[in-house]
Chemist: 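Sharing a structure here in structure tokens format.
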Amino acid sequence: MRGRRAGFKKTKRLYVIPMEGAVTEPIYFSEFHPGRDGGFRLKLLGNPNHKSRPLDVLQRLIDYERRERPGPNTEYWAVIDRDAWSAAELDEVSREIAKREDYHLALSNPCFELWLWLHLKPNRPFADRHDCQRSFCREWPEFAKGDYDAALLMPHVLRACESAKELNMTPDAKWPVEQASWVYRLVEKLR
């Protein structure tokens, strides 16, 4: 009689996500429930000190990796907005991310609200982050930066991903210089 073969349980992929925003982005990403038997785990790193500079977001990833040592089945995703950050600062962050294995950038230009907009409407040019945010609030009056029901957006995630891919005219760039959102790259892994 053969004995039962001892097996190893495969470790679920861990996605570690620090975000520039203290509230809007965490509300959105909290909707991606891996479930008990899901194929991944999610660690959202909040922004309790409101340190939102791109380098601060990257540093939270680095600190988490050093402190927790989550292992090889981990991806690190910095969720950042273009906002008013300098090109030099964004270049520096993208260079640092490129040096590290399993580190990725999910940058939205001009802001995260562009990513949310793409769930509801096709792309249109926005003058800046303020125009994008005001337009999104007009389109979805229930939206408030610190309080909204992201579950209402989830049925439209595929539309947002497809629209974001169409906007991604320079996929090999360090970060999207033109209006675009690379959040779809992360969301496609979480779907």
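Computed over heavy atoms, backbone and side chain alike; hydrogens, waters and symmetry mates excluded. Residues take their numbers from the sequence shown, with the count starting at 1.
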Chemist: Under the side-chain contact (heavy atoms from CB on, under 4.5 Å) rule, what do L45 and V16 come out as? Steps first, then yes or no, please.
Modeler: CA-CA 7 Å; L45 303 179; V16 181; 3.7 Å; yes
Chemist: Any side-chain heavy atom of T170 within less than 4.5 Å of one from E178?
Modeler: no
Chemist: With a 4.5 Å heavy-atom cut-off, do M19 and L44 have their side chains touching?
Modeler: yes
Chemist: Before you tell me yes or no, could you show the steps for K99 and E96 under salt bridge (charged side-chain N to carboxylate O under 4.0 Å, His left out), namely the whole-Å CA-CA distance, both residues' side-chain angles and the distance that decides it to 0.1 Å?
Modeler: CA-CA 5 Å; K99 290 180 195 176; E96 287 300 315; 2.9 Å; yes
Chemist: Closer than 3.5 angstrom, by distance alone: can the side chain of S94 be matched with the main-chain N or O of D91 as a donor-acceptor pair?
Modeler: yes
Chemist: What are the two closest non-hydrogen atoms of A78 and V57, and how far apart are they?
Modeler: CB-CG1, 4.1 Å
Chemist: Please check: side-chain N/O of R67 versus main-chain N/O of I62, any donor-acceptor pairing under 3.5 Å?
Modeler: no
Chemist: Over 60° means perpendicular and under 30° means parallel, so classify the ring planes of F29 and F32, tilted if in between.
Modeler: tilted
Chemist: To the nearest 0.5 Å, what is the distance between CD on E25 and OG on S108?
Modeler: 8.0 Å
Chemist: Could you report the tightest heavy-atom contact between L120 and H156, atom names first, then the distance?
Modeler: CD2-CD2, 4.4 Å
Chemist: List the atom of P122, the atom of L118, and the distance in Å for their closest heavy-atom pair.
Modeler: C-CD2, 4.4 Å
Chemist: Can a side-chain donor-acceptor contact be found between W77 and E75 if the only test is distance below 3.5 angstrom?
Modeler: yes
Chemist: Flag yes if more than 12 heavy atoms outside E101 fall under 6.0 Å of its CD atom; otherwise flag no.
Modeler: no
Chemist: Could you tell me if the side chain of N109 sits less than 4.5 Å from the side chain of Q179, heavy atoms only?
Modeler: no
Chemist: Name the orientation class of the two ring planes belonging to Y148 and W140 (parallel below 30°, tilted from 30 to 60°, perpendicular beyond 60°).
Modeler: perpendicular
Chemist: Short question: side chain of T24, backbone of G21 - any donor-acceptor pair under 3.5 Å?
Modeler: no
Chemist: So do the side chains of Y15 and K189 get within less than 4.5 Å of each other, counting heavy atoms only?
Modeler: yes
Chemist: Ignoring hydrogens, what is the shortest heavy-atom contact between A173 and W182? Give both atom names and the distance.
Modeler: O-CH2, 3.1 Å
Chemist: Please give me the minimum heavy-atom distance between P26 and A22, naming the atom from each residue.
Modeler: CG-O, 3.5 Å
Chemist: Do I97 and V93 have side chains that approach each other closer than 4.5 Å (heavy atoms only, starting at C-beta)?
Modeler: yes
Chemist: If you count heavy atoms of other groups shown closer than 6.0 angstrom to CZ of R69, is the number above 12?
Modeler: no
Chemist: Looking at side-chain heavy atoms only, is the closest gap between L107 and D81 below 4.5 Å?
Modeler: no
Chemist: State which residues pass salt bridge (charged side-chain N to carboxylate O under 4.0 Å, His left out) with R159; sequence neighbours excluded, sorted by chain then number.
Modeler: none
Chemist: Quickly, which of F143, F112, F126 forms a side chain to side chain contact (heavy atoms under 4.5 Å, CB included) with F136? Name it, please.
Modeler: F143
Chemist: I'd like to check S181 versus L167 (side-chain heavy atoms, cut-off strictly below 4.5 Å). Are they in contact?
Modeler: no
Chemist: Does NZ or CZ of R124 lie under 6.0 Å from the centre of the six-membered ring of W117, at an angle within 45° of the ring axis?
Modeler: yes
Chemist: Start with the C-alpha distance between R95 and E92, add both sets of side-chain angles, then the distance that settles salt bridge (charged side-chain N to carboxylate O under 4.0 Å, His left out), and finish with yes or no.
Modeler: CA-CA 5 Å; R95 271 193 311 275; E92 184 178 355; 5.3 Å; no
Chemist: List the steps, then state whether salt bridge (charged side-chain N to carboxylate O under 4.0 Å, His left out) holds for R129 with E113.
Modeler: CA-CA 8 Å; R129 67 181 179 191; E113 283 77 8; over 6 Å; no
Chemist: Ignoring hydrogens and geometry beyond distance, is a side-chain donor-acceptor pair present between E65 and Y103 at under 3.5 Å?
Modeler: yes
Chemist: Quick one: pull up CD in E31 and CG in L42 and give me the separation to the nearest 0.5 Å.
Modeler: 11.5 Å
Chemist: Determine, stepwise, if the pair R185 / V183 fulfils side-chain contact (heavy atoms from CB on, under 4.5 Å).
Modeler: CA-CA 5 Å; R185 294 175 172 183; V183 173; over 6 Å; no
Chemist: Can you confirm if the aromatic rings of H119 and Y28 lie within a centre distance of less than 6.0 Å?
Modeler: yes
Chemist: With a 4.5 Å cut-off on side-chain heavy atoms, are P110 and D128 touching?
Modeler: no
